[in-house]
Amino acid sequence: MNITDITFEEEILEGIPNTLPPNQPYDGNYNHAPKRKSILNKEETKLALINALRYFDKKHHPVLIKEFKHELDTYGRIYMYRYRPTHKIIARSIDAYPAKSKQAAAVMLMIQNNLDDAIAQHPHELITYGGNGSVFSNWAQYRLTMQYLAQMTDTQTLVMYSGHPMGLFPSHKEAPRVVVTNGMMIPNYSKPDDWERFNALGVTQYGQMTAGSYMYIGPQGIVHGTTITVLNAFRKIKKAPLGNIFLTAGLGGMSGAQPKAGNIAGCITVCAEINEKALYTRHSQGWVDEVFRDINSLVERVQKAQKNKEIKSLAYLGNVIDVWEAFYTSNIHVDLGSDQTSLHNPWAGGYYPVGLDYQEANELMVSNPELFKEKVKESLRKHAEIVQKHTDKGTYFFDYGNAFLLEASRAGADVMAENGVDFKYPSYVQDIMGPMCFDYGFGPFRWVCASGSSEDLAKTDAIACEVLEDLKKEAPEEIQQQMIDNIKWIKGAQEHKLVVGSQARILYADAEGRMKIAEAFNTAIANNDIGTVILGRDHHDVSGTDSPYRETSNIYDGSQFTADMAIQNVIGDSFRGATWVSIHNGGGVGWGEVINGGFGMVLDGSEDSERRIKSMLFWDVNNGIARRNWARNKEATFAIKRAMESEPMLRVTIPNSVDDTLLNNL
Ligand SMILES: NC(=O)c1ccc[n+]([C@@H]2O[C@H](COP(=O)([O-])OP(=O)(O)OC[C@H]3O[C@@H](n4cnc5c(N)ncnc54)[C@H](O)[C@@H]3O)[C@@H](O)[C@H]2O)c1
């Protein structure tokens, strides 16, 4: 058969072709992953090649070994570009996949969505977001996985080892169809350089959060999450957003949501970005209103926006430290300050040091990595210093989950609190998302209409809105504000035009909200009002992630450095009805810094789906609430007591408090 004539279904069923497909040129029209640093010695290079070649028949090895060596030398990784499929990778309707199991077809849809050119950051390197958030490490893994999913039945489970499909194993109808692990390492081998080495060897990958777990829904998730953060941050400082300033940095993958979210929240957002391409991408999408290349014009414009109480987002092309300094000199009061440069990856382009332009910095990090490292550290010290000058005048500064405070502290910046253990500034989870959302069970619940129909999505929006409005009538005072924000969001969701790829929606809801919405979807499916729905969530949630400087940074009993919650969560989800589960090392804040997991659940209108919703969603939220309660977070104690009232089978230990007088007398 001529390879170009192959249909989508045939290509999926074929898996790794028996004949060598034509080689594919490196396409400069796409955004490609940066060259990874060379880390393998000669013996390890051989091992990487042997590892890559095990996917292919021996007869192809003489050709492929040269090609893969070239990829390793040129890009630092073996992506197997030759094996990129000829079919277009997009989230097709669930019925378009060649599959014996509807659940497996749903997973195929979600994998394709994560790798869609319009969604993935580096589609040809199989990276969805975050610079290194991989779905697979190479195209052989993609082809094999899709083939397995097409072959599997509802009594088998596909086992995914960091992008590699180990195989189909017999299981049973109630078991997950897919179990994913990404980047799980022996703890002592979980440093950034270990990642570089083992990833280059082709034996592990960084799955970020929803990249390696097939649950990314494009920019909507981050816009919603950032909007909720900005709204609650203004509440925290008891100011209305109107006419007040939010100053931050980064217009990249996730950070690019900040100005759009600032506009939805209703403040003045000022966002610095050093990379012209990233800045103009967001500007051309309409996510940021105005661009400034000159700092004085930016200062004048901000003063005018303050005076006229405008809702505006302003981007500055340059280093964020220059903006903090210019605002200080011009006496501009910054109400909220943060930073979303990629400090989880400080030495390889995540953070650009002040004093160098974009090109100079990119050159230096390759020509003299040690000097570049010094420049980054020096810049972080300066950065912290100017932020402090603003906070001394009343700015509320928070760490936005990008490891800013962690890296600044490692660079010797003055960011530690007096006790020498905590940071001077809170993380956004410590002050905002933790106590206001996660401890009550509110988190990023999402769903995808597997028919691919926008009418289905509109119907699910209406169903979700009705459920939340109903729940709000009886909801206690403590959670009213979150309900109001999310009802408002779902009403305006279609207007924000954030659907890219699959027909997906996100909102924040607590356990009761998530279960009631899912049950209402399942009834609508049973009544043939809508097609199949796939439920999921971001890992950045109540129970899914243990990360001491982010998701669990508002845990103060010492257990923020443990990962029992995330592991318990994925195990618990897997036997309570998830269609697929995943658990990852790394995500957001970096390799070795976080353990996070997620799930997908297919709703088909059946009684089985109804039972799984009740069993799994209840656990998926209340596991984290129980742990947050045990860590003495009073909001979580309130929430778990409420959950025990609604479900008599739930029994959770409530912590006793200790009188200060006893401690003071020690
Ligand atoms: N808080 C959250 O909910 C959340 C969510 C996702 C990501 N994050 C974290 O936020 C960070 C950013 O994520 P991303 O996907 O946007 O990464 P990204 O790399 O796509 O974007 C970061 C941007 O910052 C710019 N930048 C770097 N240094 C700069 C400087 N000194 N001045 C001005 N601009 C500078 C870069 O050019 C880049 O475009 C990551 O560390 C990520 O883990 C946080």
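Just so you know, these numbers use all the heavy atoms, side chains as well, and skip hydrogens, waters and symmetry mates. Remember, it's 1-based here, ligands and their atoms both numbered in the order they're listed.
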Original post:
Do F404 and F397 have ring centres separated by under 6.0 Å?
Top reply: yes
Original post:
Tell me the ring pair (Phe, Tyr, Trp, His ring centres under 6.0 Å) pairs involving residues 271-296, sequence neighbours left out?
Top reply: none
Ligand 1 polar-atom proximity to protein (N/O, under 3.5 Å):
residue  : atom   : partner : partner atom : Å
ligand 1 : 1 (N)  : Y400    : O            : 2.8
ligand 1 : 1 (N)  : Y428    : OH           : 3.2
ligand 1 : 3 (O)  : Y428    : OH           : 3.4
ligand 1 : 10 (O) : Q340    : OE1          : 3.4
ligand 1 : 15 (O) : M254    : N            : 2.9
ligand 1 : 16 (O) : G253    : N            : 3.4
ligand 1 : 16 (O) : M254    : N            : 3.0
ligand 1 : 16 (O) : S255    : N            : 2.7
ligand 1 : 16 (O) : S255    : OG           : 2.6
ligand 1 : 17 (O) : S342    : OG           : 2.8
ligand 1 : 19 (O) : S342    : OG           : 2.8
ligand 1 : 20 (O) : G253    : N            : 2.9
ligand 1 : 21 (O) : S255    : OG           : 3.4
ligand 1 : 28 (N) : Y352    : N            : 2.9
ligand 1 : 31 (N) : N319    : OD1          : 3.4
ligand 1 : 31 (N) : N319    : ND2          : 3.4
ligand 1 : 31 (N) : Y352    : O            : 2.8
ligand 1 : 32 (N) : V320    : N            : 3.2
ligand 1 : 34 (N) : I274    : N            : 3.3
ligand 1 : 37 (O) : E273    : OE2          : 2.6
ligand 1 : 39 (O) : E273    : OE1          : 2.8
ligand 1 : 39 (O) : E273    : OE2          : 3.1
ligand 1 : 41 (O) : H344    : ND1          : 2.7
ligand 1 : 43 (O) : G588    : O            : 2.9

Identify every side-chain donor-acceptor pair in residues 407-417 under 3.5 Å, counting partners at least two apart or on other chains, and give the distances.
residue : atom : partner : partner atom : Å
E407    : OE2  : R410    : NH1          : 3.2
S409    : OG   : L405    : O            : 3.3
S409    : OG   : L406    : O            : 2.7
R410    : NH2  : E593    : OE2          : 3.4
D414    : OD1  : K424    : NZ           : 3.2
D414    : OD2  : K424    : NZ           : 3.2

Original post:
Looking only at atom types and distance, does a side-chain atom of Y556 sit under 3.5 Å from a main-chain N or O of N633, one as donor and one as acceptor?
Top reply: no
**OP:** Measure from NZ or CZ of K393 to the centre of the six-membered ring of Y328 and say whether it is under 6.0 Å with the direction within 45° of the ring axis.
**Re:** yes
**OP:** Keeping to residues at least two apart or across chains, list the side-chain hydrogen bond (donor to acceptor under 3.5 Å, both in side chains) pairs with something in residues 266-275.
**Re:** N275-Y358
